[in-house]
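Okay, structure first, notes after.
Below, read A as the first sequence line, B as the second, and so on, with proteins coming before strands; counting in each chain starts at 1. Basis for what follows: all heavy atoms, side chains included, without hydrogens, waters or symmetry-related copies.
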Amino acid sequence: MSKSPIIKDEELHAYVDGRLSPQRNAEVKAYLAANPEAAEKVRVYQQQNQMMHTLFDRVLHEPLPAKLENMLPAPVPRRSYRAVAMIALSLMTGGMSGYLLRGEVTHTIMVAEPFTGRAAVAHAVYAAEILHPVEVGAENEAHLVQWLSKRLGHQLRTPDFTSFGYQLVGGRLLPGDKGAAAQFMYQTGDGARLTLYVSVKDSGMEQTAFRVQEENGQQVLYWVDDNLGFALVGEKGRNQMLDMARVAYQAMSF
Amino acid sequence: MNYHTLAEHIPSLRRYAIALLHDRNRADDLVQDTLERAMKKFSLFVTNSDLRAWLFTIMHNIFINQISRRREVMDTGDTAVQDPSAYNMAEELIVARDFIIALQQLTDEQRSIILLIGLEQLSYEETARVLKLPVGTVMSRLARARERLHALLNGEAGPQLRRVK
């Protein structure tokens, strides 16, 4: 190891919390590249922060309990659900033509769907996993698809995301709300990961067109068809995620 | 400066309170008490800039008072870990549950520090003001809290979070 600048432990935390000057930030970044032990610490702390967001951010989008809402003389500003409903409606009527909302998505759409929460948690947990991201790897794709289809009781397919630079890594079986759920994982050449979570539709899930939810920089794109709920989770921009959701939707539906 | 401004902060006050207390009813009570006190003192507060930190300070003071009152009554010393299944969020995933349990096993102060900085993204200076600690103390306790959380997740918690090296 070449002589490295002295980076105090405190600065690793400040790095994780984004509290360093741009210059110092770059220095710490370079230091981490040469010091796996420090890099591991940073990864652990980052994962802690991410986990807290994954678990608790949804509270931000819940309607307030009446006792809090009634406290303030002025009404609490709310998101425009009307606009959201309009978009959803236009999507429904767009039907099978494959029309999808694109750049015009300006609202972050928040709907309390527990399965998207599970998808986000499963993504946070397994996308960060280095050694065992999947149970069955892409080399056994046919077996993977057959196995998960059987466990979910519906024919699944693995969407082809190669045009977006993503290759299938594999998949795993997860607990869903009422039964089994499946997670397919994809990865780019530089290691960015994306997961597609599929859960059997239960009574609490309503059929929807594509919806977008954002949690801690993670885009969760989800939709529910006759039998299954799907959630695509990744860190890419919303437009690309929408394009990928369309590909997934088509792969799963036809 | 009006009540709208105050209202904007309610969701993040709730997020923090729920993560801190792990009990939605108590969390909403805490938010309610915080808002009541904030509205009473509202006129005293002139600048908009650190309204958020000010609200967290009020909440922290109420929280601390409640804790000490509870301690007097119960005198158990240890923070009780509640049944995580009462928390209706991603409960199927053991990892999430382990994390919530580990978070509850931190001391109140460690949990406050980790949540204010990692979740609510308050600066170290703001956190120091909220908790009435020197900034250096906040930073060293943050480091200790994160290491402890890590240790809890690796050792005493379930196997799912044990990292494979």
Any donor-acceptor N/O pair, A:H61 side chain to B:P11 backbone, under 3.5 Å: no

Any A:D57 side-chain heavy atom under 4.5 Å of B:L119 side chain: yes

Segment of A:A14 engaging chain B (4.5 angstrom heavy-atom cut-off): both

Donor-acceptor pair between A:Q47 and B:H150 side chains, under 3.5 angstrom: no

pair B:R146-A:H13: side-chain heavy atoms closer than 4.5 Å: yes

Euclidean distance, A:L55 CG relative to B:R15 CZ, rounded to 0.5 Å: 12.0 Å

Minimum side-chain heavy-atom gap A:P65-B:R14 below 4.5 Å: yes

Between B:Y124 and A:E10: side-chain donor-acceptor atoms closer than 3.5 Å: no

Residues that B:Q32 engages under side chain to side chain contact (heavy atoms under 4.5 Å, CB included), provided they are two or more places apart: A:K67, A:L68, A:M71, B:D29, B:E36

Check: A:F56 and B:L103 side chains under 4.5 Å, non-hydrogen atoms: yes

Flag side-chain contact, heavy atom, 4.5 Å: A:M52 against B:I114: yes

Atom of A:H53, atom of B:G118 and distance for their closest heavy-atom approach: NE2-O, 3.2 Å

